[in-house]
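All figures in this text were calculated on a predicted structure; none of them were measured in a lab. Hydrogens, waters and symmetry mates are skipped; everything else that's a heavy atom, side chains included, is used.
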Amino acid sequence: MSLNLFIIGPSGCGKSTQAKLIAGKYGLTHLSMGQLLRDEIAVGSVEGLQAKTYLDSGNLVPEELSYKVLTNALVKINNKNFIIDGFPRTYLQGQFIENYLSTQNEPLDLIIHLDVTFEEIQARRAKLGDEFQDKNRTDNTPQAMAARQKFYDENNGLIMNYFEPKNLIYRVNGNRPIQDIFIDIDQKILSLSK
């Protein structure tokens with residue numbers, strides 16, 4: 001059985017940490033939308049150069065550019081057995097990826113949503129300091145982080161409203177230790193194969 005998973009939540013909520021644990025247990029390819037874009041920037045591709053101007057200012061990369069980078073990465077792994085963190089971030093991105101997978105005869109199995117309060121994220125940042133910061137990011141300024149939080153707040157409800165009636169959202173309390181969160185997510189993934 002293939003597993004096509006997504007993990008979303010506010011910036012700094014621990015998506016990548018959980019995605020790595022899930023990928024490790026289930027043998028999935030872990031794709032991070034942010035990292036895919038940063039990789040394109042690193043190799044100086046046309047898409048990377050376009051993305052850089054947006055990312056550096058903390059703005060969202062245009063949909064079409066995100067789609068191209070993401071689908072190029074998915075084609076390389078036959079569009080299956082993956083966990084993508086940080087996507088979809090908008091209702092339109094959700095519709096896009098659902099339709100894209102459908103054209104590849106692949107299901108969208110589950111979108112895991114980490115429910116983490118802004119206060120908890122701030123506390124983690126304060127506690128971990130430099131450790132918390134992703135050294136590969138050029139957009140870790142307070143202004144850029146605030147912009148990402150605002151964007152999340154404005155768009156998250158629309159994603160929930162679209163996918164919850166389809167039973168494709170699993171909300172998990174992310175204000176807890178890493179292992180506790182992972183155990184809950186793991187139980188949910190195991191239930192998908194029943």
- Message: Please determine whether side chain to side chain contact (heavy atoms under 4.5 Å, CB included) holds for the pair Lys25 and Asp186, giving the CA-CA distance in whole Å, both sets of side-chain angles, and the decisive distance to 0.1 Å.
- Response: CA-CA 9 Å; Lys25 171 156 188 189; Asp186 188 36; 2.8 Å; yes
I'd like to know if the side chain of [X] and the backbone of [Y] have a donor-acceptor N/O pair within less than 3.5 Å.
X	Y	result
Ser45	Ile41	no
Lys15	Pro10	yes
Asn173	Asn175	yes

Using a strict threshold of under 4.0 Å (side-chain N to carboxylate O), is an ion pair present between [Y] and [X]?
X	Y	answer
Arg176	Asp184	yes
Glu64	Lys68	no
Arg171	Glu164	yes

Walk me through whether Asn4 and Glu106 qualify under side chain to side chain donor-acceptor pair (under 3.5 Å). CA-CA 8 Å; Asn4 302 333; Glu106 283 293 328; 3.0 Å; yes
Does the side chain of [X] come under 3.5 Å of the side chain of [Y] through a donor N or O and an acceptor N or O?
X	Y	answer
Tyr162	Glu98	yes
Asn99	Gln95	no
Asn161	Tyr91	no
Glu63	Thr90	yes

Spell out, yes or no, whether [X] and [Y] are grouped together once hydrophobic residues are joined by side-chain heavy atoms under 4.5 Å, including indirect joins.
X	Y	value
Leu65	Val75	yes
Ile183	Leu114	no
Met33	Val46	no
Tyr100	Ile77	yes
Leu158	Tyr152	no

What are the two closest non-hydrogen atoms of [X] and [Y], and how far apart are they?
X	Y	answer
Pro107	Leu101	O-CD1, 3.9 Å
Ile178	Leu21	CG2-CD1, 3.7 Å
Leu49	Gly44	CD1-O, 3.9 Å
Asn81	Ser2	OD1-CA, 3.1 Å
Ala19	Ile7	CB-CG2, 4.0 Å
Ile159	Arg89	CD1-C, 3.3 Å

Report task. Drop me the distance from Ile83's CD1 to Leu5's CG, to the nearest 0.5 angstrom. Result ->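 CG of Leu5 is found 5.0 Å from CD1 of Ile83.
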**Prompt:** To the nearest 0.5 Å, how far apart are CD1 in Ile169 and CG in Leu110?
**Reply:**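 If we round to the nearest 0.5 Å, Ile169:CD1 and Leu110:CG are 8.0 Å apart.
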**Message:** I'd like to check the ring pair (Phe, Tyr, Trp, His ring centres under 6.0 Å) partners of Tyr26; sequence neighbours left out, ordered by chain and number.
**Reply:**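 Once residues adjacent in sequence are excluded, Tyr26 has no partner under the ring pair (Phe, Tyr, Trp, His ring centres under 6.0 Å) criterion.
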With sequence neighbours left out, what residues match Phe6 under ring pair (Phe, Tyr, Trp, His ring centres under 6.0 Å)?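 Expected list: Phe82.
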Taking atom NZ of Lys166 as the centre, does the number of heavy atoms from other residues, nucleotides or ligands within less than 6.0 Å exceed 12?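 Buried by this count: over 12 neighbours within 6.0 Å.
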